[in-house]
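So you know, we letter chains A, B, ... as the sequences are listed, proteins then strands, and number each from 1. Please read all numbers here as calculations on a predicted model, not as lab measurements.
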Amino acid sequence: MRTTVSDDGIETVLPSPPGELVQLLDPEGNRVSDPLYDPYVADVTGDQLASLYEDLVIVRRLDVEATALQRQGQLGLWPPLLGQEAAQVGSARTLRPDDFVFSSYRENAVAYCRGVRLPDIVKVWRGTAQSGWDPHTVNMATPAIVIGAQTLHAVGYAVGCLRDGVDSATITYFGDGATTQGDVNEALVFAASFHAPVVFFCQNNQWAISEPVGLQAQRPIAERAPGFGIPSIRVDGNDVLAVIAATRRALERAHGGEGPTFIEAVTYRMGPHTTSDDPTRYVDPLQREEWAAKDPIGRVEAHLRERGVLTEALAASIADRANEVAAEFRAGCVALENPAPLSVFDNVYAEPHAPLARQRSQQAAYLRSIGEVAE
Amino acid sequence: MRTTVSDDGIETVLPSPPGELVQLLDPEGNRVSDPLYDPYVADVTGDQLASLYEDLVIVRRLDVEATALQRQGQLGLWPPLLGQEAAQVGSARTLRPDDFVFSSYRENAVAYCRGVRLPDIVKVWRGTAQSGWDPHTVNMATPAIVIGAQTLHAVGYAVGCLRDGVDSATITYFGDGATTQGDVNEALVFAASFHAPVVFFCQNNQWAISEPVGLQAQRPIAERAPGFGIPSIRVDGNDVLAVIAATRRALERAHGGEGPTFIEAVTYRMGPHTTSDDPTRYVDPLQREEWAAKDPIGRVEAHLRERGVLTEALAASIADRANEVAAEFRAGCVALENPAPLSVFDNVYAEPHAPLARQRSQQAAYLRSIGEVAE
Amino acid sequence: MTELTLAKAITSGLRRALADDDRVVLLGEDIGTLGGVFRVTDGLQREFGADRVMDMPLAESGIIGMAVGLAYRGFRPVVEIQFDGFIYPAFDQIVAQVAKMHYRTGGAVRMPITIRVPFGGGIGAVEHHSESPEAYFAHTAGLRVVTCSTPQDAHTMIRQAIACDDPVLFFEPKRRYWTKGEVDEDATYPFDRARVVLEGTDVTIVAYGPLVATAIDAAIAAGDDGVSVEVVDLRSLSPLDLDTVEASVSKTGRLVITHEAQQFGGLGAELAASITDRCFLHLEAAPARVTGFDTPYPSARAEEHFLPDLDRILDAVDRVLGRANALTGWSDS
Amino acid sequence: MTELTLAKAITSGLRRALADDDRVVLLGEDIGTLGGVFRVTDGLQREFGADRVMDMPLAESGIIGMAVGLAYRGFRPVVEIQFDGFIYPAFDQIVAQVAKMHYRTGGAVRMPITIRVPFGGGIGAVEHHSESPEAYFAHTAGLRVVTCSTPQDAHTMIRQAIACDDPVLFFEPKRRYWTKGEVDEDATYPFDRARVVLEGTDVTIVAYGPLVATAIDAAIAAGDDGVSVEVVDLRSLSPLDLDTVEASVSKTGRLVITHEAQQFGGLGAELAASITDRCFLHLEAAPARVTGFDTPYPSARAEEHFLPDLDRILDAVDRVLGRANALTGWSDS
Ligand SMILES: Cc1ncc(C[n+]2csc(CCOP(=O)(O)OP(=O)(O)O)c2C)c(N)n1
Ligand SMILES: Cc1ncc(C[n+]2csc(CCOP(=O)(O)OP(=O)(O)O)c2C)c(N)n1
Ligand SMILES: [Mg+2]
Ligand SMILES: [Mg+2]
């Protein structure tokens, strides 16, 4: 690990050689020391790690439940996060309540950590609404489906924080595939130009649907940001501790007025792209197996058992808790009601719009004419 | 100057420290030696340099003439290239005839070097056509006005050359401001992914209309490309010899199947953005003066005089020649005829289009009805 | 003749185009190994190689921009946009470059680019996956816009689009991908003409893409009710074959237009305006439009309340016939 | 009351908006030190600081995307797009994000973003500097689209646009920037209503933005010829104030619509279709459209052959009146 300070005094955090990852827990659960990042997790107690472990278990359990709900027709679609639990939980748990999140569609564990109500997470996937929650209640925006669009929103929000004189940070999540989109690159330029307190959190899960990351990037993704004037960190995305350390470092910069930071969390999408996808068409099972050995939950479990924090009893209670949350999730999901016919006209505009009101009224007349209840 | 070979064997050409420029002729006209780039110009004779000098003088003379033509109402608009002669002539003169150019609007010296007929260069600026020439006759595309769009076209063309099994290179010109556009960054990704034989030639003239380059880029622009997997060169854009060396190196890579290269030619826009612009509103005269001292023509002149190649007689004959070309240019320009009324309907489609033919025929009837000749 | 789904009819059309002309190249996200998210390009990369069927990095502007360069070089690129709602990042390249290059260059550079876009709703999808953006492109001079409603047209028209020297937006009615029908690969007929799919005398219903089947159902239902409906499948949205619609409306005197896209400024407006201009003296009633509402496309479980359906079309048929309908007695205030 | 050019009336409107509400921020290319290429923001950065009037890096998608984030944070961003033809790189952010955010979030997040776009031709410019892209945005649910034709409206409407909690595309008729007129900064009137600028009884001409002045000239010329023309300035293009146009056409029975944008799928189509629907029994002739042709915008020295002008409008007036006109005896075949 090397820290370089460039000629204009901007600290650029570049792993050296470029392939090197920040890792604090190896796949076997051993604590690896890293002089630069150790201090960022020095205060994390065994109990706190156990609580993170619980989060990891729960979000995986929820993910499995959601896939089951989709199979049973309760959801239209679901994008599993299997394999990416540590990247999401580690980063999201590091945020302050007043920090703001702009995510993509797969960050359901981030939503969970932000305190989004369970059924609200799946409204979109069940198809009862275009988004699940009021962003201002949890400081997390409605996920963006158009790849990369949200990264610019994050920069705008972060600049708004600067203008408002608050030290809140903004974090934006996106995938490896997203790094190709013009919007994401423009976001890097704008963030650098305005010294925006924003964290670019790229989950490099090796795939954009069927396309391997090698089609999108010829160099490790973390190497892209420094050329824009943004320091970057390449972190083992399956290592919750390392993700916390990297995110803390980036947030420290953001909260401290030092501008944007780019994090590449190297992970793997263990499931299909979505429940509609058939990864057997393109995923090499051997590659998947290699990554299975780097499971983000297994290593925390091993580590905690080794430290004696995770007892059988605690493990069982966490498993129970996960099942409980999943049951609650399922119940909340199936209880979500279908939208009323005329609701399609709601919230198009914030201010009165006569022609649309007229169209709505005509449709109400039509619904009455065919004997349907309109509202 | 340092050449580094990265772990995967891709050669990355990075000046070190980042600010360093490739320079072979200093502002006073002294030949500066550079072990890496000297070999690329070892074969350039005094006469050849004199011929480049003639080019520089002519394109500047044409540029001045064009500005005059605009002031006299013969052109609607003109984007002067004053100060950027060496960047354009040096790179364009290095191209093979079968190499293909995708440029922006300011590369009028490039068009001149490609052999575009003088009046064809100004059709667009006079407003008699949307473009001046048939791209296939000179292997140079119609300039793009939408910032950055052409860089993607270049990548597509270059990939087409690969597919066709020809070793032609493609070069694309764009400005410092353009580097912010999503399209340009996507072009870098696509070029790297497809190993496209393309040269990205960025003329960093320090300004995007009134915006200084510092608003668009926090790091030297040349530093951006390596993060995309594209080696880059930062060259003194006011040094025609260095520009030739850098372009040769990049073309050597392209012709040799080694993929894309990025060149940042550091130069200065000595004139207004266009004849409609008023740079006194934003340009610091001191900064402009500093750059005036680095004039691209003066240094070649000094160098050639010092070497005894440029005699008074030769200088006078070149000046005469420039005046001749300018006169020819003016004559060609004012002779350009206005488009016929119905020509607006031509070439919208390549194949028959009944409704448009009908619209045209109705307009012809209208023109007849008001006593105008339609065709 | 073979029986094919509409999706597979496009596949076979692409296969023929690739086989017939080695300047044809396919570009898109996930079109190679995966065969596209709808499997329309399934097997084509294996058959023609990764140089002809190219997986593209994830950027629509990049893909279209690259297609422009390939066209410059004499290729005939066929681009797949994964879903309708993801075409917008490429909007500039499409309307400012692809559409205008031939005009800009005075005819020197052709843009025989086909842009395939699975479009429309009815598949219970999340946001951005059910849009009908055809009017944006139809309003753009220099582009051609077509769609298909049958496997036969799907096959023939994709080949015609690729063979056309102009850029063509080829909208594929994704909810009809699984519709089956006979396909004659050797069939030839004009690219830009509408087709009367059902003859009738009282009312003309004009539809395209996914709603042609709905229009036919409506016509049959109306027939049971003693109303003779003529159904026209536009096929080409730009140019519009106004001659065919004019001939029909001159006969029936009544026009109902249906599309999924939002009504305001949609193709129905152009059709209503043009036909009113051409058939003013024949029209017995103002043309009626049955369309998506002027709202964003709603969530999956609300889409049935947004999309035109048989009953809404029949109500409009009643309206143009001056019969009792939903708006009888309805008032604005 | 002060006499101002249309451009300066916008400047003064922006100044008032900046002074009245500190959540208003201006974003755009070259709007700071330079004051914008048309000098509409001249002096504002000096007056309100670089935090309120921000020069933006050169990327339209980036600018609009950033405005979305600022709106999320409670700001009211006012974006300048330098020229009409440069709005397309931002198309995705506008139609898929700005337009839909309020709907998507069930009303939780408002997008009070104003996007200022100098538009239209007639200034002898190079390509991409004379476009009329309003129909794209008018067809997009969730957006409002307005334009102005007088300094008074320029001033009042830009303030209304900024005050509006919905996103507004504010199209500025750039060739009328130097038109002078009296401006009352305290004037108040509705934002989304059309205005009858000349009363008449025989024909209604509907225009907006740059062509309102041309329509008025045509009305005066027609008046000299004994034809009484009513001129309606739409002002709001989405929503359209159909009530006002309906009232006029119910009286005159004849409608001529003019805009610079291409005809096919333009706003004239929507207006013709809607008014035909509402006024079917009052119409004496089919609505006539006098518009730019269905070609890309031509080169500067050809634009006079593309743009609607007084004579072409008068010819359409003759046409709807059934008088001899250019198309008398013209035939298609
Ligand atoms: C602009 C756009 N183009 C295409 C798509 C379709 N699409 C959805 S997800 C996806 C792959 C994204 O890959 P990545 O950014 O790596 O995120 P991941 O799915 O791996 O989390 C694609 C192509 C989209 N949503 N938006
Ligand atoms: C997409 C787009 N946005 C805005 C403009 C208006 N514009 C024309 S030139 C220019 C500045 C370009 O700066 P740079 O890329 O540095 O090139 P230079 O003019 O310095 O050669 C701008 C903003 C444009 N042509 N295209
Ligand atoms: Mg991914
Ligand atoms: Mg520049």
Best-contacting candidate, C:Cys164, C:Gly107, C:Pro167, C:Gly142, against chain B by heavy atom pairs under 4.5 angstrom: C:Gly142
Does any heavy atom of chain C fall under 4.5 Å from the side chain of B:Pro352, the backbone, both, or neither of them? backbone
Counting only non-hydrogen atoms closer than 4.5 Å, does B:Asp134 touch chain C with its backbone (N, CA, C, O), its side chain (CB onward), both, or neither? both
Heavy-atom distances under 4.5 Å only: say whether C:Asp92 touches chain B with side chain, backbone, both or neither. side chain
Which bit of B:Val189 is near chain C, if near means a heavy-atom gap under 4.5 Å: side chain, backbone, both or neither? side chain
Distance col, row C:Met101:CE vs B:Thr142:OG1, nearest 0.5 angstrom, shows 7.0 Å
Got a second to check how far C:Asp166's CG is from B:Glu351's CD, nearest 0.5 Å? 5.5 Å
How long is the gap from CD on C:Gln93 to NE2 on B:His153, to the nearest 0.5 Å? 3.5 Å
Honestly, the part of C:Arg193 sitting under 4.5 Å from a heavy atom of chain B is neither
Between NZ of C:Lys100 and OG of B:Ser131, what distance do you get to the nearest 0.5 Å? 13.5 Å
For B:Val344, which atoms come within 4.5 Å of any heavy atom of chain C: side chain, backbone, both, or neither? both
Chain B contact via C:Met111 - side chain, backbone, both or neither, heavy atoms under 4.5 Å: neither
By a 4.5 Å heavy-atom criterion (distance strictly below it), what part of C:Leu242 contacts chain B: side chain, backbone, both, or neither? neither
Looking at C:Ala141, C:Ser274, C:Gly106, which one has more heavy-atom pairs under 4.5 Å with chain B than the rest? C:Gly106
Side chain, backbone, both or neither: which part of C:Asp22 has an atom under 4.5 Å from a heavy atom of chain B? neither
Over all atoms of both residues, closest heavy-atom pair of B:Gly160 and C:Phe75: CA-CE1, 3.5 Å
Flag the one option from B:Phe102, B:Phe100, B:Trp133 with the top tally of heavy-atom pairs under 4.5 Å to chain C. B:Phe102
Atom of B:Val159, atom of C:Leu70 and distance for their closest heavy-atom approach: C-CD2, 4.4 Å
If I measure from the heavy atoms of chain C, does B:Ala141 come under 4.5 Å with its side chain, its backbone, both, or neither? both
What part of C:Arg110 gets closer than 4.5 Å to chain B, counting heavy atoms only: side chain, backbone, both or neither? side chain
So which atom in B:Leu152 and which in C:Gly62 form the shortest heavy-atom distance, rounded to 0.1 Å? CD2-CA, 3.5 Å
Structural part of C:Leu240 lying under 4.5 Å from a heavy atom of chain B: backbone
With rounding to the nearest 0.5 Å, note down the distance linking CG in B:Asn185 to OG in C:Ser61. 11.5 Å
At a 4.5 Å cut-off on heavy atoms, which part of B:Ala149 comes close to chain C: side chain, backbone, both, or neither? both
Go through it in stages, so that I can follow the logic: the residues are B:Gln150 and C:Gln97, the test is side-chain contact (heavy atoms from CB on, under 4.5 Å), and I'd like the CA-CA distance, side-chain angles, deciding distance and then a yes or no. CA-CA 9 Å; B:Gln150 75 282 6; C:Gln97 304 300 330; over 6 Å; no
So which heavy atom on C:Arg73 is nearest to which on B:Cys161, and how close? NH1-SG, 3.5 Å
For a quick test of reading the model, state the closest non-hydrogen atom pair linking B:Tyr349 to C:His102 and the distance between them. O-CE1, 3.5 Å
Check each atom of B:Glu186 against the heavy atoms of chain C and say whether the ones under 4.5 Å are side chain, backbone, both or neither. side chain
So which heavy atom on B:His136 is nearest to which on C:Tyr72, and how close? CE1-O, 3.2 Å
Is it the case that more than 12 heavy atoms not belonging to C:His282 sit under 6.0 Å from its NE2 atom? no
Apply side-chain contact (heavy atoms from CB on, under 4.5 Å) to the pair B:Asp164 and C:Arg23, showing each step before the final yes or no. CA-CA 10 Å; B:Asp164 283 340; C:Arg23 305 308 282 171; 2.7 Å; yes
